[in-house]
Structure formats: structure tokens, C-alpha cells
Protein chains: 2
Amino acid sequence: MHDAILNHIQKFIHLEPSEIDLLESCLSISQIKRKDHVLQEGQVCNTMYFIVKGCMRQYIINPRGTEQTLQFGVENWWITDYLSYHNHTQSHFYIQAVETSDVIAIEKSVLESILIQIPSLEKYFRIVAQKAFGAAQMRIKFLFTMSAEERYNHFKNQQPDFVQRVPQYMLASYLDFSAEFMSKIRAGKV
Amino acid sequence: MHDAILNHIQKFIHLEPSEIDLLESCLSISQIKRKDHVLQEGQVCNTMYFIVKGCMRQYIINPRGTEQTLQFGVENWWITDYLSYHNHTQSHFYIQAVETSDVIAIEKSVLESILIQIPSLEKYFRIVAQKAFGAAQMRIKFLFTMSAEERYNHFKNQQPDFVQRVPQYMLASYLDFSAEFMSKIRAGKV
DNA sequence: CTAAAAACTTGAACTACTTCAAGAAATACA
DNA sequence: TGTATTTCTTGAAGTAGTTCAAGTTTTTAG
């Protein structure tokens with residue numbers, strides 16, 4: 001039933017059979033339809049989402065009214081607004097399904113109780129967060145050092161399948177250039 | 001002796017007296033002189049640094065040969081390359097003391113053993129990493145949505161003291177514009 | 001299957017920055 | 001304290017991108 005998340009957790013830590021049972025009993029999968037939101041700007045984020053299947057994104061609406069994607073999440077990724085989650089502050093972000101997706105949504109109160117019952121899960125979430133932060137640092141490096149065309153080519157080389165999977169304008173904003181410029185890069189008109 | 005780190009840890013979790021003793025016995029403060037490096041590009045990073053006093057930064061050298069600061073760390077912050085740390089891969093970053101700094105350097109092997117002996121520390125490092133990731137997301141948001149001048153003013157409002165504390169060219173690169181443009185912003189010549 | 005919505009393309013005009021080069025000012029430390 | 005080094009400033013020229021607007025193609029969903 002929850003093989004995806006249990007397998008992911010067990011890549012990083014060992015779980016006892018009793019712990020697996022406990023987890024199973026706390027988790028449930030829900031489907032988020034394409035374009036539906038699980039978080040809107042201004043709300044307090046008190047849920048973490050594990051993506052079992054599909055694709056989600058975190059985005060903002062910039063002062064010109066254009067959406068800009070900050071983060072994509074696919075199978076086996078967690079997505080949430082950690083700052084809003086920890087500080088109980090209003091979120092600056094939207095989190096939306098890019099494709100109709102199956103996610104495991106865990107409320108903060110539920111997760112905190114699970115973490116008390118299965119303390120070894122702390123290590124799992126520590127490693128997940130540390131790796132995510134490391135990836136964010138690399139992302140900033142690429143944004144700082146590469147031209148728009150270099151960022152596109154680099155991304156395409158690293159994630160060739162993913163480029164087909166999301167609308168170009170979302171990927172353009174994730175790579176920090178305009179949808180129009182993406183068109184020109186792809187057409188070789190730069 | 002290690003009040004700074006013990007106080008910081010105890011903001012997030014409870015420690016037993018015996019655990020405090022154990023930690024005390026494992027930690028030692030070392031001084032990093034201004035401009036000295038604790039990590040160079042190409043090395044594998046297997047140490048985490050807790051800044052007791054001073055200021056460190058993580059930076060890269062871009063293709064034009066200019067340094068670009070990705071991250072500053074001051075008192076009560078951790079600094080490391082988490083990706084290199086977890087994956088045993090060569091680092092893309094330099095980590096350097098901006099001011100002569102007192103740090104607690106914890107080797108991965110030592111930390112792993114401490115985490116086994118004091119499992120509740122997992123929670124501490126989880127929260128630290130989750131907050132750091134949240135802050136990185138906000139940083140990307142600011143880079144995406146604000147002009148150079150807006151980023152400078154925003155940073156100056158949030159961290160008025162820090163602006164005085166580091167060379168302007170380092171702050172300029174952290175905010176992703178050139179040192180020359182920083183000069184013009186400050187002179188009101190934009 | 002078809003209408004409506006979403007996504008993509010193109011060119012022209014524009015602009016927020018960068019780069020370069022050289023001098024001035026501030027700071028570190030022998 | 002003095003000198004070397006580091007940091008900051010300024011203007012001129014250049015450019016990697018944006019914005020706008022309008023048309024075209026593709027995809028979605030009833």
C-alpha cells in the first residue's frame with residue numbers, strides 16, 4: 001500500500017516490523033488533481049507532502065503577475081514550505097500539482113507524534129533535509145554562474161525525461177528566464 | 001566552554017546532564033584566521049562547522065575568475081557542504097573565514113558516533129537543516145523577484161549590522177550583482 | 001469529437017545590468 | 001607608523017536578457 005514511502009525511508013534507516021505497521025496505520029494516500037493547490041500564499045503550511053506518483057511544484061507570483069517555479073517535486077520527493085511549517089508564519093508560496101498526483105499528506109501534529117513513537121525517523125528526515133539544502137546550494141551556484149542557455153542545456157542533460165514532462169514556461173521560470181526566451185533557445189535563435 | 005553550541009542545541013531539544021558531559025568531551029574549539037580556508041573546491045567535505053564567534057562564507061570562483069559568495073555564516077550557524085558530506089563527492093565550493101573565527105569542527109565519523117550515543121540530536125540537526133532549506137527557498141524567491149537595488153535594500157533592512165561587517169564586494173556577489181554596481185547603488189547613481 | 005483553454009513562437013524595441021580600466025580611499029600588519 | 005594590499009568608485013561601452021503584442025499550435029476535457 002505505502003511501498004513507495006516505506007522503501008524510500010528504508011534507503012536511509014532501518015525500520016522494525018512493528019514500526020512499519022505503525023507507519024502504515026498512520027499514512028494515507030490522496031490524489032491531487034492537475035492544477036489543484038495544496039498550499040496558497042498567505043496560508044500557514046502545516047503539512048508535508050510525499051509524492052508517490054506525479055509531479056508537484058512550488059511557485060510564486062511575481063510583481064508582474066507571472067508565475068515563477070521555485071521547486072519541482074517528483075516521485076519520492078517531499079514538498080512543503082519548511083519556513084512556514086516551522087515558524088507558523090504565512091507562506092510566501094503556492095504548492096500545486098503539475099500532473100494529477102498521488103501524495104501522502106502528513107499533518108504536523110501527526111508527524112510529531114510519529115517521530116516520538118519512531119525516533120529513528122528523525123535521522124531519515126534529517127538526511128532528506130540536508131540533501132535538499134545541498135541541492136539548493138548547487139541550484140544557486142548554477143543560477144549564479146551559467147547563462148540562460150547553459151542552464152537549459154545543463155538541466156536537459158541531467159534530466160532529459162523531465163524536460164518533456166512539464167510545460168516549457170514552467171521550466172523557463174525555474175531556470176530563471178522568460179518563456180519567450182526559452183522558445184528562442186530551443187529554436188537556436190540566440 | 002562550549003556554551004554557545006549547547007545553548008543552541010537546547011533551543012530545540014532537551015539534553016540530559018550525562019549527554020551534555022558526553023558532548024563536552026567530544027567538542028573542541030579551533031580558531032580559523034581571516035582568509036584561511038576550511039574547505040577548497042575539489043576536496044571531499046567531511047566536517048561540519050559550528051560558528052561560535054566570527055563570520056565564515058561559502059563561495060565559488062566563477063568562469064570569469066571572480067569570487068561569488070553563496071552563503072554567509074555567523075554566530076550560531078552551521079556551515080558545510082552537505083552534498084559533498086553525504087555523497088563523498090568532490091566539493092564545488094570554498095569555505096573560508098571572513099573574519100578570524102572560533103568554530104567547533106566536527107568530523108563526520110565523530111558526529112555519527114555522537115548521534116548514535118545521543119539519538120535526540122538527530123532532531124536538532126533535522127530542524128537546523130529544514131530551516132536552512134526554508135531560508136534557501138526564500139533566498140531564491142528574492143533573487144527571482146527583486147531588482148538588484150531592491151535586494152540590497154531588503155538585505156540592509158533585514159541585517160543592518162551585517163552590511164558593515166563584510167566587504168561590499170562579497171555582499172554584492174551574495175546578492176548576485178557586480179561590485180561596481182553595488183558602488184553605484186550605494187551612491188544613488190542608478 | 002470538438003470547442004475552449006493552455007502553451008508555444010516570433011520579431012522589434014528596450015533595459016538592467018556587466019565589463020573594463022584606472023584612480024582614490026581605506027585597511028591591515030610588519 | 002608607514003607601506004603594501006585590499007577595497008571602493010566612476011564613467012563609457014556593450015550585451016544578455018525582458019517585455020509586449022499578436023498569431024499559431026497543441027492539449028484538455030465535456
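Naming: A, B, ... by sequence-line order, numbering from 1 per chain.
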Asks: Please enumerate all residues that pass side-chain hydrogen bond (donor to acceptor under 3.5 Å, both in side chains) together with B:Ser113, with sequence neighbours excluded.
Replies: B:Gln117
Asks: Decide whether A:Leu171 and A:Val74 are clustered together by the hydrophobic rule: side chain heavy atoms of Ile, Leu, Val, Met, Phe, Trp, Tyr closer than 4.5 Å, transitively.
Replies: yes
Asks: Name all residues meeting the ring-ring contact (aromatic ring centres under 6.0 Å, His included) criterion together with A:Tyr82; count only those two or more places apart in sequence or in a different chain, and write none if there are none.
Replies: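 Checked A:Tyr82 against ring-ring contact (aromatic ring centres under 6.0 Å, His included); matches are B:Phe133.
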Asks: What residues in residues 62-72 of chain A put a non-hydrogen atom under 4.0 Å from any atom of DNA chain D?
Replies: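 Of all residues in residues 62-72 of chain A, the ones placing a heavy atom under 4.0 Å from DNA chain D are A:Arg64.
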Asks: Return the set of residues passing side-chain hydrogen bond (donor to acceptor under 3.5 Å, both in side chains) with B:Gln10 (not counting sequence neighbours), or none when no residue passes.
Replies: none
Asks: Using chain A heavy atoms and a threshold of under 4.0 Å, write down where along DNA chain D the contacts begin and end, 5' to 3'.
Replies: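 Listed 5' to 3', the contact boundaries are D:dG17 to D:dA29.
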Asks: Please round to 10 degrees the angle between the axis of the first five pairs and the axis of the last five pairs in the helix from C:dC1-D:dG30 to C:dA30-D:dT1.
Replies: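 About 70° separates the two local helix axes.
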Asks: What pairs with B:Glu107 under salt bridge (Lys or Arg N to Asp or Glu O under 4.0 Å), at least two apart in sequence or on another chain?
Replies: none
Asks: Between B:Glu41 and B:His92, do the side chains contain an N or O donor and an N or O acceptor separated by less than 3.5 Å?
Replies: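 No, no side-chain donor-acceptor contact under 3.5 Å.
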Asks: Return yes if some donor-acceptor pair links the side-chain N/O of B:Ser91 with the main-chain N/O of B:Gly42 below 3.5 Å, else return no.
Replies: no
Asks: A:Tyr174: which residues meet the ring-ring contact (aromatic ring centres under 6.0 Å, His included) condition with it, sequence neighbours left out?
Replies: A:Phe72, A:Phe155
Asks: Tell me, which pairs form a salt bridge (Lys or Arg N to Asp or Glu O under 4.0 Å) where one or both residues lie in residues 161-185 of chain A, sequence neighbours left out?
Replies: A:Glu75-A:Arg165, A:Glu99-A:Arg165
Asks: Would you mind writing out the side-chain donor-acceptor pairs for residues 47-64 of chain B within the sub-3.5 Å range, not counting sequence neighbours?
Replies:
from: B:Tyr49; atom 1: OH; to: B:Val38; atom 2: O; distance (Å): 3.4
from: B:Arg57; atom 1: NE; to: B:Gln96; atom 2: OE1; distance (Å): 3.0
from: B:Arg57; atom 1: NH1; to: B:Thr69; atom 2: OG1; distance (Å): 2.8
from: B:Arg57; atom 1: NH2; to: B:Glu67; atom 2: OE1; distance (Å): 2.6
from: B:Arg57; atom 1: NH2; to: B:Gln96; atom 2: OE1; distance (Å): 3.0
from: B:Gln58; atom 1: OE1; to: A:Gln137; atom 2: NE2; distance (Å): 2.1
from: B:Tyr59; atom 1: OH; to: B:His37; atom 2: NE2; distance (Å): 2.6
from: B:Asn62; atom 1: OD1; to: B:Arg64; atom 2: N; distance (Å): 2.9
from: B:Asn62; atom 1: OD1; to: B:Gly65; atom 2: N; distance (Å): 3.1
from: B:Asn62; atom 1: OD1; to: B:Thr66; atom 2: N; distance (Å): 3.0
from: B:Asn62; atom 1: ND2; to: B:Gln68; atom 2: OE1; distance (Å): 3.1

Asks: Encode nucleotides 6-17 of chain C as B, S and - characters from 5' to 3', where the letter depends on protein heavy atoms closer than 4.0 Å: B to the base, S only to sugar-phosphate, - to neither.
Replies: SSSBBBB----S
Asks: According to salt bridge (Lys or Arg N to Asp or Glu O under 4.0 Å), does anything in residues 117-133 of chain B pair up with another residue at least two apart or in another chain? List the pairs.
Replies: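 As it turns out, the salt bridge (Lys or Arg N to Asp or Glu O under 4.0 Å) pairs with a partner in residues 117-133 of chain B, which skip direct neighbours, are A:Glu122-B:Arg126, A:Arg126-B:Glu122.
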Asks: To the nearest 0.5 Å, tell me how far A:Ile5 CD1 sits from A:Asn76 CG.
Replies: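 If we round to the nearest 0.5 Å, A:Ile5:CD1 and A:Asn76:CG are 9.0 Å apart.
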